[in-house]
Amino acid sequence: MKNYIAIEAKNIVTQFGQSVIHDEVSFKIQRGEIFGLLGGSGSGKTTLLREMIMLQKTSGGQMLVLGTDVMKISSKMAQKLRQKWGVLFQFGALFTSLTILENVMIGMREYTNLPDWIIEESALMKLSMVGLPPKVANMYPSELSGGMKKRAALARALALDPKLLFLDEPTSGLDPQSARTFDELIVTLRDTLGITVVMVTHDKDTMANVLDRFIILGNKKVLFEGNMELLKQTRDDELKKFLS
Amino acid sequence: MKNKPSLHVTQTNDGLSVTLQGNWVKETVKALDLAFNALTCNPKTVYTFDLSGIREFDTHGIMLILHYTKKLEIQNCIVLKVGASESLEKLFTVCEQHYPEKKEKPPKEIFILSFLENVGKDIFEGYRTLSYFFAFTGELTQHVITSLLNPLTIRFKATLYHIEQSGARALPIILLTSFLIGIVIAYQGATQLEKFGANIFIVEMVTISAVRELAPLLTAIVVAGRSASAYTAQIGVMKITDEVDAMSSMGFSPWNFLVLPRLFALMISLPLLVFFGDIVSVFGGMVIATTQLDVSFVEFIDRIKETVALKHLIIGLVKAPIFGCVIATIGCFRGFQIDSSTESVGKYTTISVVNAIFWVIAIDAIISVLLTEMGL
């Protein structure tokens, strides 16, 4: 592959009215990387994630996702791009009117010509992959706990075998053991499918065990870019908070 | 083209060798499924799957291989896999671990049974809703009484807010509908009365029907449409986001904070709205009386003083707070019925409006019959 950059942010500026959230934020995410967006609350992590998946517009700068500028994309191209990524929202955002299985199948139903039995079996497989027992398949989201909803939502995000996976606080609200299983799962998926993973996270263990690289946002800028090793050498007090 | 997915079967000494080539991804799986299907199965043969030719793959492609592997294994065939690249091997293992052994089928439905089940469910649901409603009104009455005995516990600010939202803001639409209703009654009456030369009776006709029945009813229906739905949705969404629970846990009674302000607001603002509605609908009648029947404004008003008893106005205004009470109670009750799903917001908001309008009309009919029997 000639292009090894999955996502490139160039001088991103985000403004809500008078308040500036990002002031010329730039970074690159390599293909096959598990990349973290970190920062205190209100530092605009989730906003940045939403800008990558075209849910929010930037006020300035360029956001290149898989080589295309998402700000200048035609609606047809945007639709194609959307099929190449999976998104896990913080609270799952499952469709409440569909069963868990239907939630996972809906993407495959709409966008592939796969026979029904394959769709059903691979949806069940995805559910099992994220650690859900088969009996939840015919349940509705309202019958599941928060953690289970999140897993089901990950299964939905993975349904189309995306190239890019966006996770908004994937391990928040999970018990420590499930959180680690979740982490392992994400690493396995990256190793096997070559997915690029972009996640917003606060979880210290996830930071240490899973993330290849991350950026720390603060004061409207990128305060830090690198990995855990580099962060440990920092003398900046602001950054040391992320280590403790 | 090398990427073209394919499946080749060759006979070897030990059994059958199956060579898999090309891209085994979701776009190609459909074609490969057909190829696999054509693979005839001889029981107790050794199949060797050569995976070295697979270039790109995803979980769907692997699932297809797994599916047919299982199928062959059931028929006592031995399936061997060779030549898988490291990453393919890894994903294959993951997929194999999670391959759904048996599908969880939703239980088959038999029409008559599911029909009976639904009827039973509906009846039980209706019974439960009714008992909830009685419990709700009981508790509401209790809270109304306690808060009237301790007026300082009434949330005046919230009440005023709801008077503004449900009362003041509804004024334009209520004025418009009342005016139009006044015009409609007068216009329809005018043609009939003109035939008899009884033009002046337009006054009684318009005034009594408007102030006693139509203005209160229409106002209540408009308010039911606006506010019953709003109350249900507001309270329901607060329930979904756990705001109601947060309130209770902080010791703020949802009754005092959510229900009573809405109830009082409608009971106060509806009579006021009806009064405005009365004025405007009579004015609408006057406009038609002047233009169509040559009954001037002055004659119209003089005649109202002479022939229309005050009781009609009072009856109309007394009904208003009753309607307000019905609308607010139903709106809040349905709001508390909303559970955790977003779908139920729509469902109960609809039910709430339909119920509120129905009960406004039903109660109006009951009052109408009662008062007539009482000779009022």
Side-chain angles (χ1 to χ4, degrees), chain A residues 1 32 83 91 93-102 107-108 111-144 146 149 155 158-163 184-185 187-195, chain B residues 23-34 36-37 56-71 84-109 239-242 338-347:
Chain A
M1 250 177 272
Q83 290 175 40
F91 299 104
L94 293 167
F95 303 123
T96 46
S97 54
L98 303 178
T99 63
I100 300 300
L101 190 66
E102 286 165 344
M108 293 185 263
Y111 293 126
T112 68
N113 60 357
L114 296 174
D116 272 354
W117 68 266
I118 292 186
I119 291 180
E120 198 179 333
E121 278 190 13
S122 52
L124 284 167
M125 186 169 77
K126 295 278 158 56
L127 283 175
S128 161
M129 274 182 170
V130 297
L132 287 172
K135 69 169 194 293
V136 302
N138 292 316
M139 288 164 99
Y140 284 90
S142 55
E143 298 170 82
L144 299 190
K149 272 186 209 165
L158 292 172
L160 283 170
D161 287 328
K163 297 264 176 293
E184 279 166 29
L185 173 68
V187 175
T188 315
L189 287 170
R190 190 273 308 266
D191 292 349
T192 50
L193 287 169
I195 298 179
Chain B
N23 291 346
W24 284 64
V25 292
K26 59 177 183 285
E27 287 81 6
T28 61
V29 159
K30 196 173 180 183
L32 288 166
D33 178 32
L34 297 175
F36 252 126
N37 240 332
E56 277 183 40
F57 54 88
D58 64 8
T59 53
H60 298 94
I62 290 176
M63 226 211 49
L64 191 73
I65 302 173
L66 274 169
H67 178 83
Y68 283 100
T69 309
K70 303 273 171 197
K71 221 173 172 180
S85 64
E86 198 184 329
S87 56
L88 176 59
E89 187 71 52
K90 225 171 168 180
L91 186 64
F92 208 100
T93 321
V94 173
C95 289
E96 201 163 15
Q97 269 169 21
H98 296 292
Y99 185 78
E101 286 302 330
K102 62 174 179 14
K103 288 181 205 171
E104 242 352 86
K105 280 268 178 228
K108 272 238 163 85
E109 284 190 1
K239 257 196 87 179
I240 289 179
T241 56
D242 287 339
I338 288 174
D339 51 36
S340 57
S341 77
T342 43
E343 234 185 13
S344 64
V345 177
K347 180 181 151 200

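Lettering of chains follows the sequences in order, A, B, ..., and the numbering in each one begins at 1. Note: hydrogens, waters and symmetry copies are ignored here, and every other heavy atom, side chains too, is used.
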*Under 3.5 Å donor-acceptor, B:Ser344 side chain and B:Lys347 backbone*: no
*Does the separation of the ring centres of A:Trp117 and B:His67 fall below 6.0 angstrom?*
yes
*Under 4.5 Å heavy-atom distance to chain B, tell me which part of A:Leu160 shows up: side chain, backbone, both or neither.*
both
*Option in A:Thr112, A:Asn113, A:Leu189, A:Thr188 with maximal non-hydrogen atom pairs under 4.5 Å from chain B*: A:Asn113
_I want to check something: taking the side chain as every heavy atom from C-beta on, are A:Met125 and B:Cys95 in contact at a cut-off of under 4.5 Å?_
yes
*Heavy atoms, side chains only, cut-off 4.5 Å: are A:Tyr140 and A:Thr96 in contact?*
no
*B:Asp33 versus chain A, heavy atoms under 4.5 Å apart: side chain, backbone, both or neither?*
side chain
*Please look at A:Leu114 and chain B and tell me whether the side chain, the backbone, both or neither of the residue comes under 4.5 angstrom of a heavy atom of that chain.*
side chain
*Looking only at non-hydrogen atoms, find the nearest pair between A:Lys126 and A:Leu158 and report the distance.*
NZ-O, 3.5 Å
_Salt-bridge contact B:Asp58-A:Lys163 (side-chain N to carboxylate O under 4.0 Å)_ = no
_Max heavy-atom pair count under 4.5 Å with chain A, selected residue of B:His60, B:Gln97, B:Glu343_ = B:His60
*Tell me, for B:Ile62 versus chain A, whether the close heavy atoms (under 4.5 Å) come from the side chain, the backbone, both or neither.*
neither
*chain B heavy atoms under 4.5 Å from A:Ala159: which part of the residue, side chain, backbone, both or neither?*
backbone
